[in-house]
Amino acid sequence: FKRLIFISTILTKIFNHLRSLKGDSNKKNLIIFIVNNLNKIYFIINSPLLCANIFANMNLLNLHFNKYPKSQQIEYRYILGRYYMIKNQLYKAYHHLNWSYMNSHKVYNPQNTIRILRYLIPISILIGKIPSLQILNISIEFQQNYIPLIKYLKQGNHLQFQKTLYDNQLYFKSKFILILLIQRSKVLIFRNLFYKIMTITQSTRFSYDELATSLLKSIGTQQQQSQI
């Protein structure tokens, strides 16, 4: 990473120079391009939290984003969304990733759309916004990895949800979302389980035995868990 770190220092100096310029200098037209490339390097060298200072300084500039190329706006907010995902601020992550996706058709680039969806889909799931089949069918990787996951999430089946994560852990690890899915999914799974019980019993009052039986089926026995 030495070469990339060296490049990042140069880009940082350029960024600091551009943001110090007074008035509407034409040089400032480069600032989003420079920032996007600098932030991408931070992610590549596994130091995405370094983006915090860049984003903070960008907010102070009060730039008119609409005057910059749409492709640069999309890239900026895609990176910002991923940054918020790492910070566990999922609603902010969703806001920026969803904006990038909704505007991606304005810059035709199917691969870029898939890149955005790789993070928008899991974030959407974790805040309770289940992606449509139309979105999941955009790529076979989404079909294979998320359709079964969503199925077990809706069923309130914690055991099979975890098994699906385990069976596809290489994919989720490569996207840096495995731990996030493990940690943030339980509440959603059990919420769906209790809603399922409520629908079946037509009641909002459950006996301890009903809850215990349903939770045992969802979580599985120790033997079943050990087989994952």
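Residues take their numbers from the sequence shown, with the count starting at 1.
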message: I'd like to check Thr164 versus Asp167 (side-chain heavy atoms, cut-off strictly below 4.5 Å). Are they in contact?
response: no
message: So, taking the atom named CG in Asn103 and the one named OG1 in Thr113, what distance separates them when rounded to the nearest 0.5 Å?
response: 11.0 Å
- prompt: Where does the angle between the aromatic ring planes of His96 and Tyr84 fall among parallel (under 30°), tilted (30 to 60°) and perpendicular (over 60°)?
  reply: parallel
query: Rounded to the nearest 0.5 Å, how far does CG of Leu90 lie from CG of Asn88?
result: 6.0 Å
task: Kindly work out whether a path of hydrophobic side-chain contacts (I/L/V/M/F/W/Y, heavy atoms less than 4.5 Å apart) joins Val35 to Phe6.
output: yes
task: Indicate the atoms forming the closest heavy-atom contact of Tyr68 with Gln73, along with that distance.
output: O-NE2, 2.8 Å
- prompt: So do Cys51 and Phe43 actually touch side chain to side chain, heavy atoms under 4.5 Å?
  reply: yes
- request: Identify which one of Asn39, Leu50, Leu38, Asn37 satisfies the side-chain contact (heavy atoms from CB on, under 4.5 Å) criterion when paired with Ser8.
  value: Leu38
message: Test of understanding: clusters of I, L, V, M, F, W, Y form through side-chain heavy atoms closer than 4.5 Å, transitively. Do Ile140 and Phe142 belong to the same one?
response: no
- prompt: Are any of the side-chain heavy atoms of Trp99 and His95 separated by less than 4.5 Å?
  reply: no
Single-linkage hydrophobic cluster, 4.5 Å side-chain cutoff, Leu159 and Val187 together: no
message: Quick check: closest heavy atoms across Thr12 and Tyr42, and the distance to 0.1 Å?
response: OG1-OH, 3.6 Å
- line: One should read off an interatomic distance between Arg115 CZ and Asn109 CG, to the nearest 0.5 angstrom, of 8.0 Å
statement: Heavy-atom closest pair (Tyr83 atom, Pro48 atom, distance to 0.1 Å) is CD1-O, 3.8 Å
- prompt: If you measure from the Lys or Arg side-chain nitrogens to the Asp or Glu carboxylate oxygens, is any gap between Lys70 and Glu75 under 4.0 Å?
  reply: no
- prompt: Does Asn168 offer a backbone N or O that forms a donor-acceptor pair with the side chain of Asn145 under 3.5 Å?
  reply: no
field: Test item: Ser124 side-chain N/O and Pro131 main-chain N/O as donor-acceptor pair under 3.5 Å
entry: no
task: Could you grab the distance from atom CD1 of Ile150 to atom CD1 of Ile125, nearest 0.5 Å is fine?
output: 4.0 Å
message: Would you say Phe176 ends up clustered with Ile44 if hydrophobic residues are merged whenever their side chains have heavy atoms under 4.5 Å apart, either directly or through other cluster members?
response: no
message: Ring centroids only, cut at 6.0 angstrom: are Tyr94 and Tyr101 within range, meaning strictly under it?
response: no
- request: Scan side-chain atoms only and decide if Asn192 and Gln155 contain a donor-acceptor pair under the 3.5 Å cut-off.
  value: no
- prompt: Checking side chain to side chain contact (heavy atoms under 4.5 Å, CB included) for the pair Lys67/Asn29: CA distance, chi angles, key distance, verdict?
  reply: CA-CA 9 Å; Lys67 76 175 186 179; Asn29 292 334; 4.2 Å; yes
- prompt: Of the non-hydrogen atoms in Ile74 and Ser104, which two are nearest, and what is the gap between them?
  reply: CD1-CA, 3.8 Å
- prompt: Judged by atom type as modelled, is there a donor-acceptor pair below 3.5 Å linking the side chain of Asn157 to the main-chain atoms of Leu153?
  reply: no
field: Evaluation steps, side chain to side chain contact (heavy atoms under 4.5 Å, CB included), between Leu165 and Tyr152
entry: CA-CA 11 Å; Leu165 285 179; Tyr152 297 124; over 6 Å; no
field: Contact summary for Met58 and Ile32, nearest pair of heavy atoms
entry: CE-CD1, 3.3 Å
query: Measuring from Lys2:NZ to Ile5:CD1, what's the distance to the nearest 0.5 Å?
result: 9.0 Å
query: Do Leu60 and Ile34 share a hydrophobic cluster (ILVMFWY, side-chain heavy atoms under 4.5 Å, transitive)?
result: no
- prompt: Are the side chains of Ile86 and Leu180 in touch, meaning some heavy atoms are under 4.5 Å apart?
  reply: no
- request: Would you please test Phe172 and Ile182 for side chain to side chain contact (heavy atoms under 4.5 Å, CB included) and show each step?
  value: CA-CA 10 Å; Phe172 293 119; Ile182 292 172; over 6 Å; no
message: Pair Phe1, Asn46 - check side chain to side chain contact (heavy atoms under 4.5 Å, CB included), show working.
response: CA-CA 10 Å; Phe1 293 147; Asn46 298 319; 4.0 Å; yes
- prompt: Roughly how far, to the nearest 0.5 Å, is the CD atom of Glu141 from the CG atom of Leu136?
  reply: 11.0 Å
- prompt: Phe65 and Tyr76: aromatic ring centres closer than 6.0 Å?
  reply: yes
field: Lys154 NZ: over 12 foreign heavy atoms closer than 6.0 Å
entry: no
query: What's the shortest heavy-atom distance between Ile177 and Arg118, and which atoms?
result: CD1-O, 4.3 Å
